[in-house]
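Worksheet for the structure shown next.
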Amino acid sequence: MMFKKYYTASAGSERYALANPGLTKIKLAENYTRQAGMEAFFKKTFRRAGILGAAVLALFLAALWGGGVHALSRQSVNRTDFESAVQDIVRADGSIEEIRMIDNTRFCVYLDEKVWEQYTQREKSAYCLSLSQRLENQCRVNGVLGSRENLNVYYYSGDGEFLAQTEGQQQGSGGFGGSL
């Protein structure tokens with residue numbers, strides 16, 4: 001038994017001894033010990049790297065799955081209902097010529113200049129605030145505007161002259177700020 005164990009343990013060093021005939025038994029033992037230690041080190045290192053790689057892959061897949069669930073749970077955008085709601089706002093208000101959507105958070109409203117000039121400064125401010133809130137409500141109801149996004153509305157005359165703007169504020173901070 002002892003001989004077999006020694007023989008299997010020294011099989012690797014015997015190949016090295018055949019390739020290097022001038023080595024003593026002490027050098028052969030040192031070489032085998034070094035070689036066995038390196039093999040154990042590589043096995044342990046690759047095992048740890050495999051476990052770490054599997055953990056990173058699992059975290060990545062969990063993040064993707066979580067993002068997918070978030071995307072599925074997000075309210076879908078209902079463009080046709082939103083466009084009809086915006087058209088209803090335009091039809092109901094005689095001073096609006098057109099409402100253009102730049103992106104999900106910015107709108108341009110083109111107003112009839114004759115009607116706009118009849119308003120006082122206070123009425124202009126109230127009108128812009130009211131229209132911006134109506135647009136924001138429609139955006140939120142139809143899923144165009146995310147829960148953390150703010151709506152910015154820019155008001156222009158029919159000729160393209162800038163009149164006013166309202167900028168959305170963070171939720172709970174009191175509505176819209178703006179400039180006239």
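Annotation for I26: atom CD1 does not count as buried by contact number, only 12 or fewer foreign heavy atoms lying within 6.0 Å.
The closest donor-acceptor contact from the side chain of D159 to the backbone of E161 lies at 3.5 Å or more, if one exists at all. The backbone N or O of R122 lies less than 3.5 Å from no partner atom in the side chain of S125, so there is not a single donor-acceptor pair.
In this structure, CE in M38 is found 8.5 Å from OG1 in T45, a value given to the nearest 0.5 Å. Atom NZ in K124 sits 10.5 Å away from atom CG in L111 (nearest 0.5 Å). C108 SG to Q165 CD: the interatomic distance, rounded to the nearest 0.5 Å, is 10.5 Å. Going from atom CD of E113 over to atom OG of S95 covers 12.5 Å, rounded to the nearest 0.5 Å. Note that CG of L163 is 9.5 Å distant from OH of Y156, once rounded to the nearest 0.5 Å. The line from OH of Y127 to OG1 of T166 is 11.5 Å long, rounded to the nearest 0.5 Å.
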Please test D93 against R134 for salt bridge (charged side-chain N to carboxylate O under 4.0 Å, His left out), starting from the C-alpha separation and ending with a verdict. CA-CA 12 Å; D93 191 337; R134 284 189 289 170; 3.8 Å; yes

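Ring planes of F46 and F42: parallel class, angle under 30° (limits at 30 and 60°).
I102 and L151 are assigned to two separate hydrophobic clusters, defined by single-linkage of ILVMFWY side chains at heavy-atom distances under 4.5 Å.
Between R100 and E98 a salt bridge is recorded (basic side-chain N to carboxylate O distance below 4.0 Å).
Residues E123 and Q118 share a closest heavy-atom pair of OE1-O, 4.3 Å.
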